[in-house]
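Got a structure here, written out as C-alpha coordinates. Questions coming.
What you see is a predicted model, and the numbers here were worked out from it, not measured in a lab.
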Amino acid sequence: MSDFTHVYFEGLGIDFDLPSVAFTLFGHEVRFYGIIIAFGFTLAVLYGGRMAYKWKMSLDGMTDVLIWGTIFGIICARVYYVVFEWDYYSQHLSEIPMIWNGGIAIYGGIIGALIGAVIGCKVGKINFFNLLDLGSLGLLIGQGIGRWGNFFNQEAFGSNTSTAPFRMWSEKIHDTLEASQQLLATKGMEVNPDVPVHPTFLYESVWCVIGFFLLHFIVTEKRRFKGEVFMLYGVWYGFERMIVEGLRTDSLYIGSTSIRASQLLSAVIVAAALVFFVIYMVKYKKGTLPKRLEVEPEIQGKYLLRNFKD
(Lines give C-alpha, C1' and ligand atoms only; values in the text may rest on other atoms or scores of the structure.)
Protein backbone atom coordinates (compact mmCIF):
# COMPACT_ATOMS: atom_id res chain seq x y z
CA MET A 1 0.00 0.00 0.00
CA SER A 2 1.28 3.46 -0.89
CA ASP A 3 2.28 5.82 1.92
CA PHE A 4 0.75 8.70 -0.04
CA THR A 5 -2.79 9.62 -1.00
CA HIS A 6 -3.42 12.18 -3.71
CA VAL A 7 -6.02 14.62 -2.40
CA TYR A 8 -8.07 16.99 -4.56
CA PHE A 9 -9.72 20.18 -3.29
CA GLU A 10 -11.94 20.94 -6.25
CA GLY A 11 -13.38 24.17 -4.87
CA LEU A 12 -9.91 25.59 -4.20
CA GLY A 13 -8.38 24.30 -7.42
CA ILE A 14 -5.51 22.53 -5.66
CA ASP A 15 -4.34 18.94 -5.26
CA PHE A 16 -1.30 17.32 -3.67
CA ASP A 17 0.17 14.10 -2.31
CA LEU A 18 -0.73 13.60 1.34
CA PRO A 19 1.64 11.32 3.29
CA SER A 20 0.29 9.00 5.98
CA VAL A 21 3.68 7.87 7.35
CA ALA A 22 5.98 10.45 8.94
CA PHE A 23 9.06 8.25 9.36
CA THR A 24 10.22 4.75 10.25
CA LEU A 25 11.71 4.07 13.68
CA PHE A 26 13.32 0.72 14.51
CA GLY A 27 11.49 -0.89 11.63
CA HIS A 28 8.09 0.48 12.66
CA GLU A 29 6.10 3.11 10.79
CA VAL A 30 5.28 6.26 12.75
CA ARG A 31 2.16 7.77 11.26
CA PHE A 32 1.13 11.40 11.16
CA TYR A 33 -2.15 10.43 12.82
CA GLY A 34 -0.37 9.36 16.00
CA ILE A 35 1.98 12.35 15.96
CA ILE A 36 -0.89 14.82 15.62
CA ILE A 37 -2.95 13.17 18.37
CA ALA A 38 0.11 13.18 20.65
CA PHE A 39 0.80 16.84 19.82
CA GLY A 40 -2.77 17.86 20.66
CA PHE A 41 -2.67 15.87 23.89
CA THR A 42 0.65 17.47 24.89
CA LEU A 43 -0.61 21.01 24.25
CA ALA A 44 -3.75 20.28 26.26
CA VAL A 45 -1.66 18.99 29.18
CA LEU A 46 0.70 21.98 29.08
CA TYR A 47 -2.23 24.38 29.01
CA GLY A 48 -3.91 22.56 31.88
CA GLY A 49 -0.72 22.64 33.93
CA ARG A 50 -0.28 26.35 33.36
CA MET A 51 -3.87 27.16 34.31
CA ALA A 52 -3.72 24.83 37.31
CA TYR A 53 -0.71 26.79 38.59
CA LYS A 54 -2.52 30.08 37.96
CA TRP A 55 -5.61 28.83 39.82
CA LYS A 56 -3.45 27.52 42.69
CA MET A 57 -4.44 23.90 42.06
CA SER A 58 -2.08 21.14 43.22
CA LEU A 59 0.16 20.03 40.35
CA ASP A 60 0.68 16.67 42.08
CA GLY A 61 -3.08 16.30 42.24
CA MET A 62 -3.38 17.25 38.57
CA THR A 63 -0.86 14.50 37.76
CA ASP A 64 -3.13 11.97 39.49
CA VAL A 65 -6.05 13.26 37.44
CA LEU A 66 -4.04 13.06 34.21
CA ILE A 67 -3.01 9.46 34.83
CA TRP A 68 -6.47 8.21 35.79
CA GLY A 69 -8.22 10.27 33.12
CA THR A 70 -5.90 9.02 30.37
CA ILE A 71 -6.26 5.36 31.35
CA PHE A 72 -10.04 5.42 31.59
CA GLY A 73 -10.33 7.72 28.56
CA ILE A 74 -8.53 5.25 26.29
CA ILE A 75 -10.43 2.23 27.65
CA CYS A 76 -13.86 3.83 27.38
CA ALA A 77 -13.14 5.29 23.93
CA ARG A 78 -12.58 1.73 22.74
CA VAL A 79 -15.51 0.24 24.66
CA TYR A 80 -17.90 2.86 23.25
CA TYR A 81 -16.83 1.99 19.70
CA VAL A 82 -16.99 -1.77 20.25
CA VAL A 83 -20.48 -1.58 21.78
CA PHE A 84 -21.91 0.14 18.72
CA GLU A 85 -20.04 -2.19 16.36
CA TRP A 86 -20.92 -5.33 18.32
CA ASP A 87 -22.25 -7.20 15.30
CA TYR A 88 -18.67 -7.31 14.03
CA TYR A 89 -16.74 -7.65 17.30
CA SER A 90 -19.01 -10.37 18.63
CA GLN A 91 -17.59 -12.51 15.84
CA HIS A 92 -14.02 -11.23 16.31
CA LEU A 93 -13.52 -11.08 20.08
CA SER A 94 -9.73 -11.29 19.79
CA GLU A 95 -9.69 -7.95 17.96
CA ILE A 96 -11.35 -5.98 20.76
CA PRO A 97 -8.06 -5.05 22.50
CA MET A 98 -6.38 -4.18 19.17
CA ILE A 99 -6.84 -0.45 19.51
CA TRP A 100 -3.84 0.16 17.27
CA ASN A 101 -5.94 -1.06 14.32
CA GLY A 102 -8.33 1.85 14.79
CA GLY A 103 -11.77 2.15 16.31
CA ILE A 104 -12.14 4.69 19.12
CA ALA A 105 -14.87 7.24 19.81
CA ILE A 106 -14.37 10.72 21.28
CA TYR A 107 -17.55 10.58 23.37
CA GLY A 108 -16.39 7.33 24.92
CA GLY A 109 -13.08 9.00 25.67
CA ILE A 110 -14.81 11.94 27.34
CA ILE A 111 -16.97 9.62 29.47
CA GLY A 112 -13.89 7.65 30.50
CA ALA A 113 -11.92 10.80 31.25
CA LEU A 114 -14.74 11.98 33.53
CA ILE A 115 -14.69 8.68 35.41
CA GLY A 116 -10.92 8.92 35.76
CA ALA A 117 -11.22 12.56 36.83
CA VAL A 118 -13.54 11.64 39.69
CA ILE A 119 -10.99 9.12 40.96
CA GLY A 120 -8.07 11.50 40.37
CA CYS A 121 -9.79 14.32 42.22
CA LYS A 122 -10.43 12.08 45.21
CA VAL A 123 -6.82 10.89 45.27
CA GLY A 124 -5.24 14.25 44.52
CA LYS A 125 -7.72 16.37 46.53
CA ILE A 126 -8.61 18.56 43.53
CA ASN A 127 -11.86 20.52 43.24
CA PHE A 128 -13.88 18.55 40.69
CA PHE A 129 -15.72 21.55 39.25
CA ASN A 130 -12.50 23.50 38.70
CA LEU A 131 -11.12 20.44 36.96
CA LEU A 132 -14.17 20.19 34.70
CA ASP A 133 -13.56 23.74 33.52
CA LEU A 134 -9.88 23.11 32.81
CA GLY A 135 -10.64 19.76 31.20
CA SER A 136 -13.16 21.34 28.83
CA LEU A 137 -10.56 23.75 27.52
CA GLY A 138 -8.03 20.95 27.20
CA LEU A 139 -10.53 18.89 25.23
CA LEU A 140 -11.11 21.74 22.80
CA ILE A 141 -7.36 21.99 22.21
CA GLY A 142 -6.99 18.24 21.74
CA GLN A 143 -10.05 17.96 19.49
CA GLY A 144 -9.15 21.01 17.41
CA ILE A 145 -5.69 19.63 16.67
CA GLY A 146 -6.49 15.93 16.73
CA ARG A 147 -9.06 16.14 13.93
CA TRP A 148 -6.20 16.82 11.52
CA GLY A 149 -5.07 13.28 12.19
CA ASN A 150 -8.31 12.20 10.50
CA PHE A 151 -7.31 14.29 7.49
CA PHE A 152 -3.97 12.52 7.14
CA ASN A 153 -5.81 9.21 7.42
CA GLN A 154 -8.49 10.42 4.97
CA GLU A 155 -11.28 9.37 7.32
CA ALA A 156 -14.14 10.93 9.30
CA PHE A 157 -15.35 12.75 6.19
CA GLY A 158 -18.90 13.65 5.24
CA SER A 159 -21.42 13.05 2.51
CA ASN A 160 -21.16 14.24 -1.09
CA THR A 161 -21.24 17.94 -1.92
CA SER A 162 -20.68 20.00 -5.02
CA THR A 163 -20.91 23.40 -3.35
CA ALA A 164 -18.80 23.35 -0.14
CA PRO A 165 -15.69 25.52 -0.77
CA PHE A 166 -13.35 23.02 0.93
CA ARG A 167 -14.90 19.89 -0.63
CA MET A 168 -12.31 17.16 -1.12
CA TRP A 169 -11.81 13.83 -2.86
CA SER A 170 -9.16 11.13 -2.97
CA GLU A 171 -8.84 7.52 -4.05
CA LYS A 172 -9.06 6.47 -0.41
CA ILE A 173 -12.32 8.39 0.02
CA HIS A 174 -13.58 6.75 -3.17
CA ASP A 175 -12.70 3.25 -1.93
CA THR A 176 -14.22 3.87 1.52
CA LEU A 177 -17.50 5.14 0.08
CA GLU A 178 -17.64 2.33 -2.44
CA ALA A 179 -17.19 -0.27 0.30
CA SER A 180 -19.87 1.29 2.53
CA GLN A 181 -22.30 2.41 -0.18
CA GLN A 182 -24.85 -0.35 0.39
CA LEU A 183 -24.76 -0.07 4.17
CA LEU A 184 -25.23 3.70 4.01
CA ALA A 185 -28.18 3.25 1.67
CA THR A 186 -29.93 1.15 4.33
CA LYS A 187 -29.47 4.09 6.71
CA GLY A 188 -31.04 6.51 4.24
CA MET A 189 -27.82 8.06 2.95
CA GLU A 190 -27.07 7.87 -0.79
CA VAL A 191 -23.41 8.43 -1.67
CA ASN A 192 -21.47 8.58 -4.93
CA PRO A 193 -17.80 7.51 -4.61
CA ASP A 194 -16.84 9.73 -7.54
CA VAL A 195 -18.15 12.99 -6.05
CA PRO A 196 -16.24 15.17 -3.50
CA VAL A 197 -17.27 15.14 0.16
CA HIS A 198 -17.64 17.50 3.10
CA PRO A 199 -14.36 17.82 5.08
CA THR A 200 -16.13 17.29 8.39
CA PHE A 201 -12.78 16.99 10.17
CA LEU A 202 -12.14 20.62 9.21
CA TYR A 203 -15.55 21.82 10.39
CA GLU A 204 -15.02 20.32 13.82
CA SER A 205 -11.41 21.47 14.09
CA VAL A 206 -12.27 25.11 13.35
CA TRP A 207 -15.28 25.00 15.66
CA CYS A 208 -13.20 23.63 18.54
CA VAL A 209 -10.42 26.20 18.07
CA ILE A 210 -12.93 29.05 18.06
CA GLY A 211 -14.62 27.54 21.10
CA PHE A 212 -11.31 27.35 22.95
CA PHE A 213 -10.58 31.05 22.50
CA LEU A 214 -14.14 32.05 23.44
CA LEU A 215 -14.25 29.90 26.57
CA HIS A 216 -10.69 30.79 27.54
CA PHE A 217 -11.76 34.43 27.54
CA ILE A 218 -14.75 33.56 29.72
CA VAL A 219 -12.52 31.65 32.15
CA THR A 220 -9.91 34.35 32.55
CA GLU A 221 -12.23 37.36 32.57
CA LYS A 222 -15.85 36.44 33.21
CA ARG A 223 -16.19 33.11 35.00
CA ARG A 224 -18.84 33.38 37.69
CA PHE A 225 -18.88 29.89 39.17
CA LYS A 226 -16.96 26.63 38.98
CA GLY A 227 -18.31 24.33 36.30
CA GLU A 228 -19.58 27.18 34.13
CA VAL A 229 -17.06 26.56 31.36
CA PHE A 230 -17.83 22.84 31.34
CA MET A 231 -21.52 23.57 30.84
CA LEU A 232 -20.78 26.00 28.03
CA TYR A 233 -18.44 23.44 26.48
CA GLY A 234 -21.31 20.96 26.45
CA VAL A 235 -23.50 23.44 24.61
CA TRP A 236 -20.77 24.59 22.19
CA TYR A 237 -19.32 21.23 21.21
CA GLY A 238 -22.59 19.31 21.47
CA PHE A 239 -24.35 21.70 19.09
CA GLU A 240 -21.63 21.39 16.45
CA ARG A 241 -21.39 17.62 16.75
CA MET A 242 -25.16 17.28 16.53
CA ILE A 243 -25.12 19.07 13.16
CA VAL A 244 -21.88 17.75 11.65
CA GLU A 245 -22.53 14.16 12.73
CA GLY A 246 -25.53 14.20 10.39
CA LEU A 247 -23.13 14.71 7.47
CA ARG A 248 -20.65 11.98 8.34
CA THR A 249 -20.46 8.65 6.57
CA ASP A 250 -18.78 6.72 9.39
CA SER A 251 -21.30 7.24 12.18
CA LEU A 252 -22.02 4.64 14.84
CA TYR A 253 -25.72 3.73 14.86
CA ILE A 254 -28.00 2.49 17.60
CA GLY A 255 -28.67 -1.14 16.74
CA SER A 256 -30.27 -1.62 13.34
CA THR A 257 -31.89 1.82 13.38
CA SER A 258 -30.81 4.88 11.41
CA ILE A 259 -30.33 6.86 14.64
CA ARG A 260 -26.73 8.07 14.97
CA ALA A 261 -25.49 7.43 18.51
CA SER A 262 -23.27 10.51 18.74
CA GLN A 263 -25.92 12.77 17.22
CA LEU A 264 -28.50 11.69 19.77
CA LEU A 265 -26.01 11.96 22.63
CA SER A 266 -25.00 15.43 21.43
CA ALA A 267 -28.61 16.60 21.51
CA VAL A 268 -28.99 15.27 25.06
CA ILE A 269 -25.76 16.97 26.15
CA VAL A 270 -26.80 20.33 24.69
CA ALA A 271 -30.19 20.19 26.41
CA ALA A 272 -28.76 19.07 29.76
CA ALA A 273 -25.92 21.60 29.68
CA LEU A 274 -28.33 24.43 28.90
CA VAL A 275 -30.67 23.45 31.72
CA PHE A 276 -27.84 23.24 34.27
CA PHE A 277 -26.34 26.52 33.04
CA VAL A 278 -29.65 28.34 33.48
CA ILE A 279 -30.20 26.80 36.93
CA TYR A 280 -26.75 27.78 38.19
CA MET A 281 -26.95 31.24 36.65
CA VAL A 282 -30.21 31.83 38.51
CA LYS A 283 -28.56 30.65 41.75
CA TYR A 284 -25.56 32.88 41.03
CA LYS A 285 -27.78 35.91 40.51
CA LYS A 286 -29.63 35.16 43.74
CA GLY A 287 -26.38 34.55 45.61
CA THR A 288 -27.45 31.04 46.67
CA LEU A 289 -24.67 28.96 45.09
CA PRO A 290 -23.11 26.34 47.41
CA LYS A 291 -19.68 27.37 48.69
CA ARG A 292 -17.95 24.62 46.71
CA LEU A 293 -19.20 26.19 43.46
CA GLU A 294 -18.21 29.76 44.20
CA VAL A 295 -15.18 31.20 42.42
CA GLU A 296 -12.45 32.27 44.84
CA PRO A 297 -11.35 35.94 44.69
CA GLU A 298 -7.80 35.05 43.55
CA ILE A 299 -9.24 33.11 40.59
CA GLN A 300 -12.00 35.52 39.69
CA GLY A 301 -9.56 38.45 39.71
CA LYS A 302 -10.57 41.37 37.58
CA TYR A 303 -14.22 40.36 37.47
CA LEU A 304 -14.66 40.70 41.25
CA LEU A 305 -12.64 43.91 41.30
CA ARG A 306 -14.84 45.42 38.59
CA ASN A 307 -18.01 44.44 40.47
CA PHE A 308 -16.62 45.93 43.68
CA LYS A 309 -16.00 49.24 41.95
CA ASP A 310 -19.53 49.23 40.53
Side-chain angles (χ1 to χ4, degrees), residues 5 7 18-22 29-51 65-67 69-81 99-114 116-117 134-158 166 168 172-173 176 197-216 229-230 233-234 236-245 247-252 261-263 265-266 269:
T5 301
V7 182
L18 182 71
S20 59
V21 177
E29 293 180 342
V30 179
R31 296 184 171 270
F32 277 106
Y33 179 86
I35 292 175
I36 291 170
I37 295 296
F39 179 62
F41 179 80
T42 301
L43 281 187
V45 170
L46 290 175
Y47 173 83
R50 173 60 182 168
M51 292 301 293
V65 169
L66 178 63
I67 293 172
T70 301
I71 293 172
F72 277 89
I74 293 173
I75 293 173
C76 290
R78 181 59 169 177
V79 170
Y80 186 100
Y81 183 86
I99 195 170
W100 53 88
N101 287 336
I104 58 175
I106 183 62
Y107 271 137
I110 292 174
I111 293 169
L114 286 173
L134 277 189
S136 303
L137 293 162
L139 279 171
L140 288 172
I141 293 173
Q143 290 169 295
I145 295 173
R147 279 302 176 193
W148 284 90
N150 296 135
F151 173 59
F152 277 88
N153 269 6
Q154 286 292 279
E155 61 187 10
F157 50 80
F166 295 95
M168 67 179 187
K172 188 169 183 180
I173 290 174
T176 302
V197 298
H198 284 283
T200 48
F201 80 91
L202 177 63
Y203 301 160
E204 183 157 318
S205 175
V206 172
W207 189 261
C208 287
V209 170
I210 292 173
F212 168 75
F213 283 107
L214 288 176
L215 295 187
H216 174 77
V229 179
F230 179 68
Y233 164 81
W236 182 265
Y237 178 68
F239 176 77
E240 175 271 329
R241 187 63 185 267
M242 183 173 60
I243 302 301
V244 173
E245 187 69 23
L247 298 174
R248 286 178 58 166
T249 56
D250 62 341
S251 295
L252 298 173
S262 292
Q263 193 170 38
L265 181 56
S266 295
I269 288 173

Practice prompt. Answer yes or no: is there a side-chain heavy-atom contact under 4.5 Å between F41 and I141?
Written response: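 F41 does not reach I141 side chain to side chain.
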
Worksheet entry | side-chain hydrogen bond (donor to acceptor under 3.5 Å, both in side chains) partners of E155, counting only residues at least two apart |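 Partners of E155 under the side-chain hydrogen bond (donor to acceptor under 3.5 Å, both in side chains) test: N150, N153.
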
Practice prompt. For residues R241 and I106, determine if any side-chain heavy atom of one lies less than 4.5 Å from a side-chain heavy atom of the other.
Written response: yes

Worksheet entry | Any I36 side-chain heavy atom under 4.5 Å of F151 side chain |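 No, too far: nothing below the 4.5 Å cut-off.
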
Worksheet entry | CZ-CZ distance between F157 and R248, expressed to the nearest 0.5 angstrom | 10.0 Å

Sequence neighbours excluded and cut-off under 3.5 Å, please list the side-chain donor-acceptor pairs for residues 44-51, or say none.
| from | atom 1 | to | atom 2 | distance (Å) |
| --- | --- | --- | --- | --- |
| Y47 | OH | H216 | ND1 | 2.7 |

Fill in: Straight-line distance of L66 CG to I71 CD1, nearest 0.5 Å
9.5 Å

Item to complete: Supply the atom-to-atom distance R147 CZ to S205 OG, rounded to the nearest 0.5 angstrom.
Response: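 The CZ atom of R147 sits 9.5 Å away from the OG atom of S205.
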
Item to complete: For residues F152 and I35, determine if any side-chain heavy atom of one lies less than 4.5 Å from a side-chain heavy atom of the other.
Response: no

Worksheet item: Once you round to the nearest 0.5 Å, how far does CG of L215 lie from CD1 of I210?
Response: 11.5 Å

Item to complete: Determine whether Y203 and L247 make a side-chain contact, defined as any pair of heavy atoms from C-beta on separated by less than 4.5 Å.
Response: yes

Fill in: Minimum heavy-atom distance P199-F166, with the two atoms named
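What the structure gives for the nearest pair is CG-O, 3.3 Å.
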
Worksheet entry | Any side-chain donor near an acceptor of the partner, S136 and Y237, under 3.5 Å | no

Worksheet item: Looking only at heavy atoms, which two atoms of Y107 and G238 are closest? And how far apart?
Response: OH-CA, 4.1 Å

Practice prompt. Quick one: sort the W207 and W236 rings into parallel, tilted or perpendicular, breaks at 30° and 60°.
Written response: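 Rings of W207 and W236: parallel, as their planes differ by under 30°.
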
Item to complete: Could you label the plane-to-plane angle of the Y233 and F230 rings as parallel, tilted or perpendicular, counting under 30° as parallel and over 60° as perpendicular?
Response: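 It falls in the parallel class, under 30°.
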
Worksheet entry | Heavy-atom donor-acceptor pair, S251 side chain to S262 backbone, under 3.5 Å | no

Worksheet item: Could you give the distance from OG (S20) to CD (E29), rounded to the nearest 0.5 Å?
Response: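 Those atoms lie 7.0 Å apart.
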
Fill in: Point-to-point distance, once rounded to the nearest 0.5 Å, from NZ of K172 to CG of L18
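Here the rounded value is 9.5 Å.
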
Fill in: Donor-acceptor under 3.5 Å (R78 side chain, G103 main chain)
yes

Worksheet item: By side-chain hydrogen bond (donor to acceptor under 3.5 Å, both in side chains), which residues pair with Y81, not counting sequence neighbours?
Response: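 Partners of Y81 by the side-chain hydrogen bond (donor to acceptor under 3.5 Å, both in side chains) criterion come out as none, since no residue qualifies.
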
Discussion item. Taking F201's backbone N and O only, do any of them form a donor-acceptor pair with E204's side chain (distance below 3.5 Å, no angle check)?
Written reply: no

